[in-house]
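These numbers come from a predicted model, not from an experiment. Count residues from 1 along the sequence. No hydrogens, no waters, no symmetry mates; every other heavy atom, side chains included, goes into these values.
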Amino acid sequence: MLKMLKIQLTLFFVMITSSLVFSQERCGTMNRLNYEMTIDNQLNHKRQKIENKIKKWKNFNFQNSYDIPVVFHIIYEDNNENISLDQIQSQLNVLNEDFNRNNSDANQTPSEFIDFAADCNINFCLAQRTPNNDSTNGVTFTQTNIESFSIYDNRIFYDSLGGKDIWDPNKYLNIYVCDLSNALGFASFPGTSQSRDAVVINYNNFGTINILAPYNKGRTATHEVGHWLNLEHLWGPNNNPGNASSCSSDDYVDDTPRCIGMTSCNLTSNSCSNDAIDGYWTTDVVDNVENYMEYSNCEKMFTNGQKNRMRAALQSS
């Protein structure tokens, strides 16, 4: 009887743990965008205006580099969530490597895409001055009594609600690190209210130190900052990968072949046969599985088209 009880308890905890794991989305950005549209009925119009501006810039040959000051807001309830400065630096290093194609796995890019892999020439540095012009190391620490936040939770953006007031998003990239209950991370797209213009990352897949695989490469933040710079998932604006209807969708980038989105590193995947629809690819090609805006866990590149789209977004702003 006791043995049976132990087995039942074990199965119960396995079911609870599995439920928690599978209820956490890889990326909550599209759900967050849909939520933002319910509280800002002008957001869709603002997004379209931004797209119209970007169309004018996306084929422009940008030569200058962009240096983006970053402030990391660490929101913690206990010491496990109180991220160290070393961990923050490890994440900043990954962002600079990935957006400048200095990542150590860049030389493993498949031959089909090696000529399209881009040095985006976008640099991230810790902010040196606060909005009040005081000296800073670019990190804030806020202890909260909130156990966890969700992708629909605005409390994280306000001192008075247990979070941290956002710094002027026209001058800083605000990256919040917290216990995020239902996604690895999410980001605001350009056009979102400035009071919520930020990237939010779950503390246990942030940086590279003592983080469990497969999220120990700091690529969650790379992916979400890509969204912040106006990149879509490669399968387009659908919420989740794996949907065949995504072959008729678009990420607004010509040199990323159409795909349904991969959740594993299948380098021979060719999920859509209509790659030529965008007028860039003349033949059917394999999916760009190793793109940072995929879910494959072997991401290692942005394309030149994505580079132009991100830099056009910066220019249009």
Side-chain angles (χ1 to χ4, degrees), residues 26-27 58 61-68 70 86-125 173 175 184-185 187 199 201 205-209 211-235 241 251 253-257 259 261-270 275 280-281 285-314:
R26 172 70 185 268
C27 170
K58 72 173 186 176
N61 185 19
F62 295 101
Q63 297 296 327
N64 59 314
S65 64
Y66 283 94
D67 298 317
I68 300 178
V70 182
D86 286 341
Q87 187 78 313
I88 292 166
Q89 186 61 53
S90 77
Q91 183 62 79
L92 190 71
N93 292 344
V94 170
L95 289 175
N96 281 308
E97 290 164 3
D98 289 351
F99 280 83
N100 291 280
R101 195 154 170 76
N102 290 323
N103 46 304
S104 61
D105 50 1
N107 60 358
Q108 300 171 24
T109 304
S111 58
E112 294 91 342
F113 297 104
I114 190 69
D115 291 338
F116 303 97
D119 171 1
C120 300
N121 207 2
I122 298 174
N123 307 300
F124 303 89
C125 57
L173 163 55
I175 298 181
L184 302 185
V199 169
I201 305 293
N205 48 269
F206 173 86
T208 63
I209 302 172
I211 302 294
L212 295 177
Y215 303 121
N216 58 339
K217 297 181 179 180
R219 266 43 190 289
T220 297
T222 300
H223 179 101
E224 299 304 340
V225 172
H227 283 312
W228 184 77
L229 290 169
N230 213 34
L231 292 186
E232 301 273 359
H233 293 130
L234 260 62
W235 58 91
D251 67 345
V253 177
D254 292 339
D255 63 0
T256 53
C259 67
M262 296 300 295
T263 56
S264 63
C265 193
N266 179 3
L267 299 183
T268 62
S269 171
N270 187 358
D275 297 327
Y280 186 88
W281 301 96
V285 295
V286 296
D287 298 340
N288 188 193
V289 173
E290 294 186 312
N291 195 286
Y292 289 128
M293 303 313 293
E294 272 276 15
Y295 281 6
S296 63
N297 292 325
C298 60
E299 305 91 343
K300 55 180 61 72
M301 64 170 288
F302 290 114
T303 67
N304 286 311
Q306 289 174 313
K307 166 187 175 179
N308 289 344
R309 181 171 172 82
M310 289 188 284
R311 293 170 65 86
L314 289 168

Query raised in the report: Are the charged groups of K307 and D255 less than 4.0 angstrom apart, N to O?
Result: no
**Report entry** Where at least one partner belongs to residues 106-118, residue pairs that pass side-chain hydrogen bond (donor to acceptor under 3.5 Å, both in side chains), sequence neighbours excluded
**Finding:** R101-T109
Query raised in the report: Is there a side-chain contact between Q91 and T208 (heavy atoms, below 4.5 Å)?
Result: no
Query raised in the report: Below 4.5 Å, heavy atoms only, C-beta onward: do I201 and V199 meet side chain to side chain?
Result: yes
Query raised in the report: Any donor and acceptor pair, going by atom type alone, linking the side chain of Q306 with main-chain N or O of N304 inside 3.5 Å?
Result: no
Query raised in the report: Do you see a donor-acceptor pair shorter than 3.5 Å between the side chains of T268 and N266?
Result: yes
Query raised in the report: Any side-chain donor paired with an acceptor under 3.5 Å for T256 and N288?
Result: no
Query raised in the report: Which atom pair, heavy atoms only, marks the closest approach of C259 to L234?
Result: SG-CB, 3.7 Å
Query - Contacts of type ring pair (Phe, Tyr, Trp, His ring centres under 6.0 Å), residue F99, not counting sequence neighbours - result: F124, F302
Query raised in the report: Hey, what's the ring geometry for W281 with F113, parallel, tilted or perpendicular (30° and 60° as the breaks)?
Result: perpendicular
Query raised in the report: Would you say the side-chain atoms of N93 and E97 include a donor-acceptor pair closer than 3.5 Å?
Result: no
**Report entry** Full working for side-chain contact (heavy atoms from CB on, under 4.5 Å) between I68 and I122
**Finding:** CA-CA 8 Å; I68 300 178; I122 298 174; 3.8 Å; yes
Report task. Please tell me if the side chains of H233 and D251 come closer than 4.5 Å, counting only heavy atoms from C-beta onward. Result -> no
Requested in this report: Could you tell me which non-hydrogen atom of T263 sits nearest to which non-hydrogen atom of P241, and how far apart they are?
Outcome: CG2-CG, 3.8 Å
Requested in this report: Taking R26 for its side chain and Y295 for its backbone only, find out whether a donor-acceptor pair lies under 3.5 Å.
Outcome: yes
Report task. Answer yes or no: is there a donor N or O on one side and an acceptor on the other, between the side chain of K300 and the main chain of Y292, under 3.5 Å? Result -> no
**Report entry** Residue pair N121, Y66: steps toward the side-chain contact (heavy atoms from CB on, under 4.5 Å) verdict
**Finding:** CA-CA 7 Å; N121 207 2; Y66 283 94; over 6 Å; no
**Report entry** Qualifying residues under disulfide bond (SG atoms under 2.5 Å apart), relative to C120, sequence neighbours excluded
**Finding:** none
Report task. Using atom types as modelled and distance alone, determine if a side-chain donor or acceptor of D287 lies under 3.5 Å from a backbone N or O of V289. Result -> no
Query raised in the report: Can any side-chain N or O of N100 pair as donor or acceptor with the backbone N or O of N96 at less than 3.5 Å?
Result: yes
Query raised in the report: Any idea how H227 and H223 line up, ring-wise: parallel (<30°), tilted (30 to 60°), or perpendicular (>60°)?
Result: perpendicular
**Report entry** pair D254-T303: side-chain heavy atoms closer than 4.5 Å
**Finding:** no
Report summary line: In terms of heavy-atom contacts, S65 and N123 come closest through CB-ND2, 4.0 Å
Query raised in the report: What's the spacing between S90 OG and I211 CD1 if we round to 0.5 Å?
Result: 7.5 Å
Query raised in the report: Could you state the interatomic distance from CG (L173) to CH2 (W228), rounded to the nearest 0.5 Å?
Result: 4.5 Å
Report task. Would you please say whether a donor-acceptor pair under 3.5 Å links the side chains of N103 and D105? Result -> yes
Query raised in the report: Hey, does the side chain of R309 reach the backbone of N230 with a donor-acceptor pair shorter than 3.5 angstrom?
Result: yes
Requested in this report: Could I get the full list of salt bridge (charged side-chain N to carboxylate O under 4.0 Å, His left out) partners for E294, not counting sequence neighbours?
Outcome: none
Report task. Before giving the answer on side-chain contact (heavy atoms from CB on, under 4.5 Å), spell out for I88 and D86 the whole-Å C-alpha distance, their side-chain angles and the decisive distance to 0.1 Å. Result -> CA-CA 5 Å; I88 292 166; D86 286 341; over 6 Å; no
Query - N297 side chain near K217 side chain, heavy-atom distance below 4.5 Å - result: no
Query raised in the report: Do the non-hydrogen side-chain atoms of E299 and T222 ever get within less than 4.5 Å of each other?
Result: no
**Report entry** C125: disulfide bond (SG atoms under 2.5 Å apart) partners, not counting sequence neighbours
**Finding:** none
**Report entry** Contact check, side chains of L267 and E290, non-hydrogen atoms, under 4.5 Å
**Finding:** yes
Query - salt bridge (charged side-chain N to carboxylate O under 4.0 Å, His left out) against E232, all qualifying residues, sequence neighbours excluded - result: none
